[in-house]
Amino acid sequence: MNDFPVLSILGLLPFAAAVVVGFLPHGRELLAKQIALVVSLVMLALTVAMAISFEPNAAEPFQFVEKTPWIEQFGISYALGVDGIALVLIAMAVSLGPVVILAGWNDADDNERHRPQTYFALLLALLGTIVFVFAATDLFLFYVAFEVMLIPVYFLIGMFGRGQRTYAAVKFLLYSLFGGLLLLAALIGLYVVSARELGTGTFDWTLLAGMPIDPDTQKILFAGFFFAFAVKAPMVPVHTWLPDAAASATPATSTLLVGVLDKVATFAMLRMVIPIFPDASEWAAPFVVTLAVISIVYGALVAIGQTDMYRLIAYTSVSHFGFIILGIFAFTEIGGSGSVVYMVAHGLSTAALFLVAGFLVKRRGSSLIPSFGGVQRVAPLLAGFFLVAGLSSLAMPGLASFVGELTVLIGSYQRWPVAAVIAVIGIVLSSLYVLIMYQRVAQGPETENVKGMRDAVPREVVVFAPILALTLAVGIFPKPVFDVVNPAIERTYSFLQVAPVEPEVPVGDVTTDGAATDGEDS
Amino acid sequence: MNAAAVVHWSEGGQQVVSDATGVFGLTWLLIALPLLGAVVLLLGGRRTNSFGPLLATALVGVAFLLGLVQFLQMVGEPAADRSFAQSLFTWAPIGDFSVDVGFQLDPLSMAFVLLVTFVGGLVHVYSLGYMANDPDRRRFFGYLNLFVASMLLLVLASNYVLVYVGWEGVGLASYLLIGFWNAKAEYATAAKKAFVMNRVGDIGMSLAIMLMVTTFGTTAFSGVFSGVEQASSGVVLAMGLLLLLAATGKSAQLPLQAWLGDAMAGPTPVSALIHAATMVTAGVYLIVRSNPIFDLSDGARLAVVLVGVLTLLFGAFVGTAKDDIKKALAASTMSQIGYMILAAGLGPAGYAFAIFHLLTHGFFKAGLFLGAGSVMHGMDDEVNMRRYGGLRKAMPITFITFFVGYLAIIGIPPFAGFFSKDKIIEAALADNVWLGVAAILGAGITAFYMSRVVFMTFFGEQRWADDVHPHESPRSMTVPMVLLGIGSVVLGYVLYSGSRIVLWLEPVVGPEEEHELGIPVLAITAIIIAVTLVGVAIAYSMYLRKPVPVQAPLGTVVTRAARQDFYQDAFNESVFMRPGQYLTRFLVFFDNRVIDGFVNGSAALIGGGSARLRRWQTGFVRSYALSMLAGAVLVVGVLVLVRL
């Protein structure tokens, strides 16, 4: 592996750019936007280069590793590296960078109190923290990034949001701080345990994963970690900050918040919770799976009843996160890899939904579903975007979400059949919340509400096209993603004691050479 | 040629699946051609307005020609060597589990390829005329191509996951086309209803796939069918019932039948292609394709038979009461598919006849729908048959083709439906007398409601609205009708003579099971024809001897119930929809007030009362800084403590 510190550059570049953009004088708004866009494209190029040189089946857990001592007294180091899971999530996040910047191009122009410079600086800073949070292999560094991440989101909602933005921002912050506090406490506990077990305390993942911890301590520490991530994910019943945040934030912010940032929680369940607390994970799995199934059904049902598009999308995410967590805690390769694909797919579908809804809301000045009607008559292209975004949310085959949903369902059925059977109801509920919203917004006769509404402009087409292309690519040919993710999932579950699931009647490979059939030839 | 794996059936001998080479290697192109059309038309925008519809039609035509070449080549191969597998790429490899994008072209899928591309091609041609003045016709043809591609994927897939992909694809195309004129709010609702009810059926498909992977580690036909004998009977029964659930959704069978009548909101060519000839028969395909599973489970087959027989009677009764020509035909479709499902449920005795009836029905029902569309075209989109009457003179070609389809569906020899329906009734009789009686009764009712349609539309006095001037449709519409009409005449005999269809499908579904009939076949045929003629006679006395009132009479309790589809919507509404709405409303309230209320309440409590919470909200930056400071102090404090 080369020594080029690609992850540091990927993470620090947007911070540097944020400083520059933030201090640009009045009158240079356009330049601020352009810098932000260029930087996000450079990040994308770096990520592509990184993905190309990534070796899926490498022996060591992390690649592009960097490690420098940071706070040596506590065994804390600035340690970065990615496995297949982190790589695809960073790739997803970085791909959405230029998209949200372009989508939010005019978001801050009408803001009386705050400058576009600030808006784009915050977006860039958020992108930077996202890279760090996925790339950190030192748990303390992860924690710092996890907490710092709150700051740009808080300001993005509080300064540039709409409606009850202050309430939403504070609620988001309090929830996150509360979860973060528990995480911190558990982290310190883990440090103490590591000091006892290993002689010197450490936050280094490579030393902590698989470290023997007595089961009772594991359970307590697990609880701290899990709660923090359950809030962030978010799972029922600690989810109510999300609809408020999504309803108040700009669509660009919501995309990064719900589509990317919340994935940190599910990512951390795979990265930290299972490898470091395997016994406790197995112990808690029935409880977690129950909560996940409740989230799936409850989130979808509440979504059906929403009248605000943004809140509706937020609740669909509660349901989708239930699927992701169900897949993770299935402890099967299919469920685990499926959950990672689901994370990517959900990032893309949420982006599509929030951003296209944002286009509509911008035109109408309202996010309430009843304030639309018959959009297809006046803006067919925009309505088409909205429908495709909805289809990706309801897991239409050909789109990425289908791959994730099907594999999560298969994988969880192998371990938790009852939970999977209940979760399947989600496929009916998702068709309801998507199609009811689409009908009320886009179908039916042209209403006064939408008279004269402009169809999609070129900038909006450019925003939507890459999301569609990516979701189609992953939907039609997901193999490259699986190839990268599978080894990491295998490693994650190797810390567990659970027996791998085997088919009851293995039929071997009968598709190619005819050698391995074990049915009798009559 | 590479001899590949052998697929084992329970009894039906062997079917060798070879790698697809030569013309069979082009199987992927069957799907790619219409898919290309859909992509070009839907993404190409207005630029493709001028040539799009023609391109879409041509692509389906080419796919048909390719299928025809493959068919002729396949006929030349020995019966046991007519299955070809093609794997394009690995879709989802996870550990030992893997899903390929792979196709299987065998006699069963070949039959569907020909049906879908031929009828599909004709419907495209017909639509060139029918949709000529629609401003959105490019989009219409794009959706039609999307449908053809998905349907071909469904029948050519070599594993259940890929079947599911096609299954959802046709569902999407159906949704888009039912709601094509969604400016009418109720059409949009009809589209949504169809999609959601199909998704209920998809639960069965999803669960079947999950069960297959858990049991066999694969969803490939080859793997599932070779392992199914070793699976426990409970698992096999569950798989059968789950696949049946999927089939009831897509094929509009009880209890998921309620969407089909409303689906007539779509343009009539759509009703002909998707909601009569092809997509709605996908459930029949699924069951016949899964014959190794159903062969092993009497329980699953019994359920299939029950669904089939109940739906065939249900649809037939509904058909007697509808005044909307398309809804009458839709009820008829439901009923005819009931026959096919019934046949499929009879196992090896019926698989081939299910497909036989599916093929003949695909021709005559598509022809009938196109005829209905032609009538509507000439009658300013009037669908109420009480406003028709005496149209045979104004629209002679439409009349003749429709009449041929009519003779075919009621089973008058030697028209197509006679052979296929007769076979199903025989097989049902051999299985169980009551099944046979129900099937014969269904044939009588079919004769009644179809005669009613023909008499009310083409015979009797003119009951047209004032400003209507019926006229024959253009060539682009009548030519497809004529071709389908020819099929409705000859296809039955062609496939019947020499047991062609049975022998053709034998490599896939096994040999036909001999059945013992207590009475000679000719006697049965005579009874069926007699019952059919009684049905015609009753319709004659009611709708031709007597004038048809323009206002529908109130009718008996049964008529009113049938008119309302036996209150299926009222039932669904009161049992599922209303409680569902109350539930979601309650949960929204619960979420806002109870869960969020609890959170806000405790936040207020911790913050020392709501007044302080409000202060937090106003001075958000300061309070933020404050909370961060508190956090930081805590961090440092704990760190110091730990260090000590």
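In what follows, every chain begins at residue 1, and chains take the letters A, B, ... in the order their sequences are listed. Since this is a predicted model, take the numbers as computed values, not measurements.
Considering every non-hydrogen atom in both B:Arg199 and A:Val428, the closest pair reads O-CG2, 3.6 Å. Here the closest heavy-atom approach between residue B:Tyr175 and residue A:Gln443 is recorded as OH-NE2, 3.7 Å. Nearest heavy atom pair, residue A:Ile427 against residue B:Ser206, reads CD1-OG, 3.8 Å.
The part of A:Gln439 that comes within reach of chain B is its side chain, from C-beta onward, which places non-hydrogen atoms under 4.5 angstrom from that chain. Neither the backbone nor the side chain of A:Glu490 has a heavy atom closer than 4.5 Å to any heavy atom of chain B. Of the two parts of B:Asn592, only the side chain, counted from C-beta on, holds a non-hydrogen atom closer than 4.5 Å to a non-hydrogen atom of chain A. With a threshold of 4.5 angstrom between heavy atoms, A:Val421 approaches chain B through its backbone and through its side chain. If you measure heavy-atom distances from B:Val99 to chain A, you find no contacts under 4.5 Å at all. Proximity to chain B (any heavy atom under 4.5 Å) is restricted, for A:Thr407, to the side chain, taken from C-beta onward. Interface remark: A:Ser430 contributes side-chain atoms only to the contact with chain B (heavy atom separation under 4.5 Å). Neither the backbone nor the side chain of A:Phe178 comes within contact range of chain B; no heavy atoms are under 4.5 Å apart. Contacts between A:Ala420 and chain B at a heavy-atom distance below 4.5 Å involve backbone atoms as well as side-chain atoms. Residue contact with chain B, scored on non-hydrogen atoms closer than 4.5 Å, involves the side chain of A:Arg311 exclusively. Using a 4.5 Å cut-off between heavy atoms, B:Leu211 contacts chain A through both its backbone and its side chain.
B:Asp100 and A:Lys479 are not joined by a salt bridge, as no carboxylate oxygen comes within less than 4.0 angstrom of a charged side-chain nitrogen.
With 3.5 Å as the limit, one finds no donor-acceptor pair spanning the side chains of B:Thr214 and A:Glu504.
Ring planes of A:Tyr298 and B:Phe590: perpendicular class, angle over 60° (limits at 30 and 60°).
For the side-chain contact (heavy atoms from CB on, under 4.5 Å) criterion with B:Leu172, the lone passing option out of A:Leu391, A:Leu387, A:Leu394 is A:Leu391.
Judged by distance alone, with hydrogens and angles left aside, the side-chain atoms of B:Trp91 form no donor-acceptor pair with the main-chain N or O of A:Val403 at under 3.5 Å.
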